[in-house]
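Data block below; observations after.
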Number of protein chains: 2
Amino acid sequence: MRWMNDCIGLDRYIAATAPKQAVIVGGGYIGVEMADALIRRGLEVTIVEFKGSLLTTVDPSFGILVEEELERHGVSVLTGVTIESIERSSEPLGRLIVTGSKGLRIPADMVLVAAGVEPESTLARASGISSGITGAIKVSRKMATNSTDIYAAGDCVETWHRLLGRYTYLPLGTTAHKQGRIAGENVVGNRREYMGTLGTQAVKVFDTVVARTGLNDEEAANAGFEPVTVAIETWDHKVYYPGAYRMHIRLTGDRSSKRILGAQLLSHRTVEVSKRIDIIATALYNEMEIDDLNDIDLSYTPPLSSPWDPVQLAAQEWRRASRQQNS
Amino acid sequence: MRWMNDCIGLDRYIAATAPKQAVIVGGGYIGVEMADALIRRGLEVTIVEFKGSLLTTVDPSFGILVEEELERHGVSVLTGVTIESIERSSEPLGRLIVTGSKGLRIPADMVLVAAGVEPESTLARASGISSGITGAIKVSRKMATNSTDIYAAGDCVETWHRLLGRYTYLPLGTTAHKQGRIAGENVVGNRREYMGTLGTQAVKVFDTVVARTGLNDEEAANAGFEPVTVAIETWDHKVYYPGAYRMHIRLTGDRSSKRILGAQLLSHRTVEVSKRIDIIATALYNEMEIDDLNDIDLSYTPPLSSPWDPVQLAAQEWRRASRQQNS
């Protein structure tokens, strides 16, 4: 599942052959979104993920909540299972048999592989343009390659990470659009720099939205920060007003500088999960401290939030936790 | 409609007497929220507003959209009409007759007055504590009154406005909570300052949410800025994914400094209006320029946004508009 034609082909295949059972290899963004889509098309769906939890861009406690949401909607989820073979069976003729570790052996009418992405930089390399991380094209923050007057942007290039202060490979539509705008401006003579990714991502899985920005505890520790992470569970809005949902928040900050490092949010799709993570993304962009979040005049009305927004409640919990760990 | 007991009393009155027709005097936040609530209780509702549009904390073009939403749900809205009298009729005995300008004369079983708020600072004034704007208690940014060791916070005090750089009167729950926390910290020996209101507000009216932050064009001009305001209408998310709604955005920036001054958003209640205004509030808090909004790594997934979030599309439109006005 990479190119538009993969999707169109899949759509036609389903319409033409009415497959009953699908196996999805890979429980990342594409895998869980495809599970959602195929259940709506009436298929039985199994996701097989070789890591210990789904959506490893968020912490396992959130991966488990996503797994529960998938199972509530009829998806079978297998984690910690490695695929070993996909074979065409003779009885019944033409069906597929997927085998893997832990004795996995399941029949399927279709198998979808959504197990990671690599940059397509063949043309650039053939033209003598330098590549770096995982083969992606090396670019400056002006999106210039090492070849005069050649700029590059999108899933084929390395991505400047604003918090890590170094290049990484993180192909996303948001990043591609920003880089493309900057490359375009510089081509016509401006001098503009890509300000960097924050690692912000969101995905909807049935009725759940999960979103993240910045670094989680492990990523922060690996990058040399001293992370303190708190997890809270609260209501998205005042519970006396109908329609409130539980909202899960994980907030990571640096112990000594008190700066925000990252956050993860999970709740129902109707209660402003993704744009709440964007409050943190905007705060991260501005290198704010965690406690500064409490000073921002965020909006409140009982059907939509609380006088202290959930992200501020998380900031208050972080302050308590970091004090206790210091004392 | 000010105290909790006003609401409880109203609730009991409706249960006991089953009124059929209600007139609401005032089309601000409380007025439109009460119209929503009373329609759900089965009453016929008329709002009478003496200004030319509803919700005058947002621009008239948004006030009209709110008016249309109210009318779609059966509320009668009269703007530019001044109430002159509320009298008890003799025929039928006990009903009320509301009269006003433009020949207004409507019967009512109940009349709700939601026409502004004044600070309750009687106790403070009786104690010799200084008051200022509209009679609210004068406080420092540490929330100290002029009387040693007496701090004050909430709807009874003046509010420091972060963009105006001066005190104003703007009683809101969010502000009260922040001020209370700061007063509390200072009472026990910390030295913390209230960082100021940004004028952020949100309200849900039936299926519409309208939110604002910062200054609108008129408020900005009155405060000595050189405002440029753009209005855009876009989809909240990728329209190929079901459930997209039109989103209206007004964005105001300062012509010379390019700084963000304020924004207004309006769309369906399920498409993250209020927390999108909070992206702008967080940017405002950090004194960002309008074009900086395009550099923030905001979240995107097709059911919830676009690779350029609607607030970024508004920022791009602002850049075009301010260039045209400069050339």
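Below, read A as the first sequence line, B as the second, and so on, with proteins coming before strands; counting in each chain starts at 1. Because the structure is predicted, anything quoted here is derived from the model rather than measured.
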- Task: Against chain B, work out which of A:P307, A:A283, A:A211, A:S299 has the most heavy-atom pairs shorter than 4.5 Å and name it.
- Result: A:S299

- With respect to chain B, which residue among A:I277, A:N294, A:V203, A:I280 yields the maximal number of heavy-atom pairs within a distance under 4.5 Å? A:N294

- Message: Counting C-beta onward and ignoring hydrogens, is there a side-chain heavy-atom pair between A:Q179 and A:V157 closer than 4.5 Å?
- Response: yes

- Who among A:K275, A:M288, A:R269, A:R212 has the most heavy-atom pairs with chain B under 4.5 Å? A:K275

- Query: Parallel, tilted or perpendicular for B:H73 and B:F206, by the 30°/60° rule?
  - Reply: parallel

- With a 4.5 Å cut-off on heavy-atom pairs, point out which of B:L293, B:D291, B:V209, B:L172 contacts chain A the most. B:D291

- Task: Count the heavy atoms belonging to other residues, nucleotides or ligands that lie under 6.0 Å from CZ of A:R191, then report whether that count exceeds 12.
- Result: no

- Message: Would A:S274 and B:E272 count as a side chain to side chain donor-acceptor pair (under 3.5 Å) here? Give the steps.
- Response: CA-CA 8 Å; A:S274 80; B:E272 309 206 41; 2.9 Å; yes

- Note on the structure: Interface check, chain B: of A:L304, A:T175, A:D295, most non-hydrogen pairs under 4.5 Å belong to A:D295

- Query: In terms of ring plane angle, is the pair A:Y245 and A:H268 parallel, tilted or perpendicular, where the classes change at 30° and 60°?
  - Reply: parallel

- Task: In plain terms, say whether B:R41 and B:D36 are close enough for a salt bridge, that is, a side-chain N and a carboxylate O under 4.0 Å apart.
- Result: no

- Query: Pick from A:D309, A:T270, A:V311, A:I182: which one has the most heavy-atom pairs with chain B under 4.5 Å?
  - Reply: A:D309

- Message: Let's test your reading of the structure: which of B:T197, B:T213, B:T200, B:L284 forms the most heavy-atom pairs below 4.5 Å with chain A?
- Response: B:T200

- Message: If you count heavy-atom pairs within less than 4.5 Å of chain B, which of A:P303, A:A176, A:P302, A:A202 leads?
- Response: A:A202

- Note on the structure: Within residues 159-170 of chain B, the residues sitting under 4.5 Å from chain A by heavy atom, in sequence order, are none

- Note on the structure: Comparing B:E33, B:E185, B:Q312, B:Q201 against chain A, the one with the most heavy-atom pairs below 4.5 Å turns out to be B:E185

- Are the charged groups of B:E193 and B:K142 less than 4.0 angstrom apart, N to O? yes

- Task: Kindly say whether B:S305 contributes a backbone atom to a donor-acceptor pair with the side chain of B:H237 at under 3.5 angstrom?
- Result: no

- Query: B:N186 side chain to B:A183 main-chain N or O, any donor-acceptor pair under 3.5 Å?
  - Reply: no

- Query: Does B:V271 offer a backbone N or O that forms a donor-acceptor pair with the side chain of B:R276 under 3.5 Å?
  - Reply: yes

- Message: If you define the side chain from C-beta out and look only at heavy atoms, does anything of A:T174 sit under 4.5 Å from B:L298?
- Response: no

- Task: Could you look at A:R181 and say if it's the side chain, the backbone, both or neither that has a heavy atom under 4.5 Å from chain B?
- Result: side chain

- Message: Whether B:R320 and B:E317 form a salt bridge (side-chain N of Lys/Arg under 4.0 Å from carboxylate O of Asp/Glu) is what I want to check.
- Response: yes

- Query: If you tally heavy-atom pairs under 4.5 Å against chain A, which of B:D292, B:T301, B:D278 wins?
  - Reply: B:D278

- Item | Interchain contact, A:Y285 with chain B, by part (heavy-atom threshold 4.5 Å) | side chain

